[in-house]
Amino acid sequence: MKKLLSVIMAAVLCMCLMTACGNAGQEAAAEPAEAETTEAANTTEPAKEEAEDAEPAEEENAAEEAGESEALADGVLNVGTNAEFPPFEYVDDNGEPDGFDIALIKAIGEKLGVEVQVENMEFDALVAAIGKKIDVAIAGMTVTEERQQTVDFSNPYYMAVQYVILPEGSEIAAAEDLKGKAIGVQLGTTGDFIAEDIDDAEVSQYNKALDAVNDLVNGRLDCVIVDKNPALVFESRFEGQVTAVDGAQFGFETEEYAISIPKGDTALADKINGALQEMMEDGTFDALVAEYIEGGE
Ligand code: GLN
């Protein structure tokens with residue numbers, strides 16, 4: 001039953017990914033939906049009918065059978081993020097988390113009629129905190145099979161890829177060149193996982209990608225591997241000192257960001273996906289992309 005369920009979930013994700021890509025902002029739509037990091041991307045279309053006919057999972061509790069999510073029962077959606085990932089999340093001038101993801105989850109909360117409370121945490125602690133300290137996490141988080149062992153994901157809302165930040169004048173230009181290099185990453189991120197697979201690489205893990213970029217500028221690292229949009233923000237912050245190069249040049253695969261939710265909370269997944277879908281259809285989503293991502297930090 002569990003296995004069947006996960007196949008169904010993957011199929012539903014896939015369908016929604018297709019829809020999401022059709023409607024997402026220019027930046028998001030510009031990259032083809034060829035991601036291979038998730039099961040979803042590899043699942044075929046016909047499975048959707050199975051998903052619609054499927055019986056509810058045995059372990060679903062009464063609240064979920066009634067279409068209610070326990071996470072929303074108190075009227076508050078507790079959201080975890082790591083506000084060190086511009087333009088998706090950063091700390092604003094008032095010391096509050098802001099950014100595309102924060103605006104997105106607040107808009108979702110409004111549609112669901114719940115108050116959204118955002119908690120700023122270490123990125124590496126988010127997945128384990130879901131269903132405990134926080135209800136959901138939004139943090140430019142890539143859907144990976146490993147994380148899917150612990151949490152479920154909403155439909156993907158953004159396509160991304162890892163970038164390689166290099167000091168100006170670096171000769172690193174292809175995957176081969178990364179071997180044996182001193183590489184900075186943010187702890188527990190997909191950039192970290194990629195770096196750890198590079199032969200003889202000396203990987204330094206930071207809690208903030210910005211600290212890695214500072215070490216790069218100071219000559220302590222050969223490169224930093226981090227997601228595209230933050231990489232572009234850092235490139236402009238350190239203009240003339242670093243260059244951000246598309247990871248496709250190094251053979252890195254496309255990734256998809258989604259909201260992570262407690263495993264098995266299908267009622268919450270449905271509600272979040274419904275709100276996301278509405279925002280993609282009514283232009284709210286594209287407006288947020290224009291404001292936060294295309295318009296800069
Ligand atoms: N997308 C990357 C991941 O999920 C990095 C996210 C982040 O640092 N906030 O691992």
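Just so you know, ligand 1 is whichever comes first in the structure, and atom 1 is the first atom listed for that ligand.
Contacts between Glu256 and ligand 1, counted as non-hydrogen atom pairs separated by less than 4.0 Å, are absent for every part of the residue. When non-hydrogen atoms are compared, ligand 1 lies under 4.0 Å from the backbone of Thr142 as well as from its side chain.
In this structure, Asp246 contributes its side chain and Gln249 its backbone to no donor-acceptor pair below 3.5 Å. Counting only distance, with no hydrogens or angles, the side chain of Arg147 and the backbone of Thr142 share a donor-acceptor pair below 3.5 Å.
Pairing each heavy atom of Asn82 with each of Met121, the nearest pair is ND2-O, 2.8 Å. The shortest non-hydrogen separation linking Ala209 to Val226 is CB-CG2, 3.9 Å. Listed here is the closest heavy atom pair of Leu72 and Leu77: CD2-CD1, 3.7 Å.
Residue-to-ligand polar distances keep Tyr257 apart from ligand 1: every N/O pair is separated by 3.5 Å or more. Looking at Asn82 next to ligand 1, no N or O pair under 3.5 Å apart turns up. At a 3.5 angstrom cut-off on N or O pairs, Glu89 does not count as close to ligand 1. The shortest N/O to N/O separation between Met141 and ligand 1 does not fall below 3.5 Å. Ligand 1 has no nitrogen or oxygen under 3.5 angstrom from a nitrogen or oxygen of Thr189. In terms of polar-atom proximity, defined here as any N/O pair under 3.5 Å, Ala139 does make such a contact with ligand 1. Looking at ligand 1, you won't find any N or O of Gln162 less than 3.5 Å from one of its N or O atoms.
When hydrogens are left out, the protein atom nearest atom 6 (C) of ligand 1 is Gly140 O, 3.3 Å; that is the closest non-hydrogen contact. Of all protein heavy atoms, the one lying nearest to atom 5 (C) of ligand 1 is Asp227 OD1, 3.3 Å. Scanning all protein heavy atoms for the shortest distance to atom 8 (O) of ligand 1 gives Gln186 OE1, 2.8 Å.
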Between Thr243 and Glu235, does a side chain to side chain donor-acceptor pair (under 3.5 Å) hold up when you go through it step by step?
CA-CA 6 Å; Thr243 320; Glu235 182 183 48; 5.1 Å; no
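A salt bridge (charged side-chain N to carboxylate O under 4.0 Å, His left out) check over residues 110-132, counting only residues at least two apart or in different chains, returns the pairs Lys111-Glu278, Lys111-Asp282, Glu119-Lys133. Applying the ring-ring contact (aromatic ring centres under 6.0 Å, His included) definition to pairs two or more places apart or across chains, those involving residues 95-119 are Phe88-Phe100, Phe100-Phe285.
Using a 4.0 angstrom heavy-atom cutoff, Arg147 counts as in contact with ligand 1.
When the options Thr190, Asn229, Val143 are ranked by their closest heavy atom to atom 2 (C) of ligand 1, first place goes to Thr190.
At least one side-chain heavy atom of Tyr158 sits under 4.5 Å from a side-chain heavy atom of Asn229.
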